[in-house]
Amino acid sequence: MTKNFYDRVAKKFGGYGYGAGPRYKSEYPTGNPEKIFREKLLELSAKEKTALDIGCADGKFTLSVAPFFKKIYGIDTSKVNLDIAKKHSGEKRSKNVEYSLQDAARTLFEESFFDLAYCRRGPSYYKEYYRVLKANGYYFEIGIGEADAAELKKTFGRGQNYGQMQTSKLNKNVKELQALGFKMIFAGNFHYLEYYPNYGELDLFLQGVPIFEDFDSKKDKEVLKKYVTKFATDKGIKLTRHRLVMVVQKVV
Ligand SMILES: C[S@@+](CC[C@H](N)C(=O)[O-])C[C@H]1O[C@@H](n2cnc3c(N)ncnc32)[C@H](O)[C@@H]1O
């Protein structure tokens with residue numbers, strides 16, 4: 001389901017997401033998780049380090065951090081996204097990046113191959129990430145929190161992790177990572193707000209993200225209108241977001 005979803009989105013929009021975004025405004029009361037994730041990753045980057053990008057999609061983020069590493073291997077199960085990423089292969093900025101179609105649950109890499117691994121809203125197969133990391137290597141993750149788009153999902157009566165919106169994903173992930181032997185370096189929950197300028201923009205956004213993998217602009221029109229009416233503010237249509245950021249180290 002997920003694999004097809006990302007292939008479908010990439011075919012429709014020419015990559016991950018819905019094109020040249022974001023076209024919404026954001027407010028970060030406790031900090032911007034994307035910025036914090038990137039800063040933490042770059043703090044531990046180095047020109048002699050080899051990194052794994054788990055769920056690299058079209059390689060936009062991979063290329064943005066590639067200058068800070070010796071080499072990055074990007075893996076994904078979405079062939080359409082990887083084909084888009086590979087289009088840049090001949091360019092100078094891609095010289096230390098290699099993409100391959102691989103399932104993060106069972107990669108083809110040798111044990112203890114990477115200095116660090118990161119995952120930006122991709123899958124969380126921690127046992128495999130532990131295996132491929134060198135001793136003292138770091139794993140970074142920015143993931144979707146249980147309260148992400150909660151009011152929207154409640155209005156729709158479905159959505160990503162619907163039914164688990166009361167269970168702390170951060171606690172669950174931290175426990176799982178620690179049980180494998182990872183040492184916690186950083187773990188934080190980030191709740192923030194996005195404001196969409198109009199119905200059309202929110203509708204377009206929902207076509208490109210997995211909040212509802214089965215989102216259908218026509219079928220979901222009435223329910224989306226209901227949400228828009230309820231959450232319209234002076235700043236735009238409000239959407240509450242939730243991200244987790246974690247940094248852990250493999251100790252042996
Ligand atoms: C939300 S997208 C994020 C893409 C990219 N990391 C970014 O930040 O723009 C999640 C990506 O994870 C990939 N993915 C999902 N399950 C995977 C798996 N088991 N192995 C490898 N990639 C996977 C999807 O195909 C998709 O491209």
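Order of listing sets the numbers, starting from 1, for every ligand and every atom in it. Position 1 is the first residue of the sequence, and the numbers go up from there. Note that these values count all heavy atoms, side chains included, but never hydrogens, waters or copies made by symmetry.
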- Message: Before we go on, tell me: are the rings of Phe114 and Phe109 under 6.0 Å apart, centre to centre?
- Response: yes
- Any pair with a residue in residues 43-56 that passes salt bridge (charged side-chain N to carboxylate O under 4.0 Å, His left out), sequence neighbours left out, goes on the list, sorted by first then second residue, please. none
- Query: Where the closest heavy atom to atom 23 (C) of ligand 1 is concerned, which of Leu82, Val80, Thr77 has it?
  - Reply: Thr77
- ligand 1 and Gly55, any nitrogen or oxygen pair closer than 3.5 angstrom? yes
- Gap between atom CD1 of Ile185 and atom CZ of Phe140 - 0.5 Å precision: 9.0 Å
- Query: Got an N/O contact under 3.5 Å between Gly122 and ligand 1?
  - Reply: no
- Query: Mind checking whether Asp53 has an N or O less than 3.5 Å away from an N or O of ligand 1?
  - Reply: no
- Should you measure from each heavy atom of Asp103, which atoms of ligand 1 turn up under 4.0 Å away? 18 (C), 19 (N), 20 (N)
- Side-chain ion pair, Lys235 and Glu27, N-O less than 4.0 Å: yes
- Item | Ala105 touching ligand 1 at heavy-atom level, < 4.0 angstrom | no
- Options Tyr6, Phe37, Tyr125, ranked by nearest heavy atom to atom 2 (S) of ligand 1, top entry: Tyr6
- Message: Please enumerate all residues that pass side chain to side chain donor-acceptor pair (under 3.5 Å) together with Asn161, with sequence neighbours excluded.
- Response: none
- Query: Salt bridge between Lys60 and Asp58, side-chain N to carboxylate O under 4.0 Å?
  - Reply: yes
- Query: Which of the atoms of ligand 1 are close to Ala104, meaning less than 4.0 Å from one of its heavy atoms?
  - Reply: 18 (C), 19 (N), 20 (N), 21 (C)
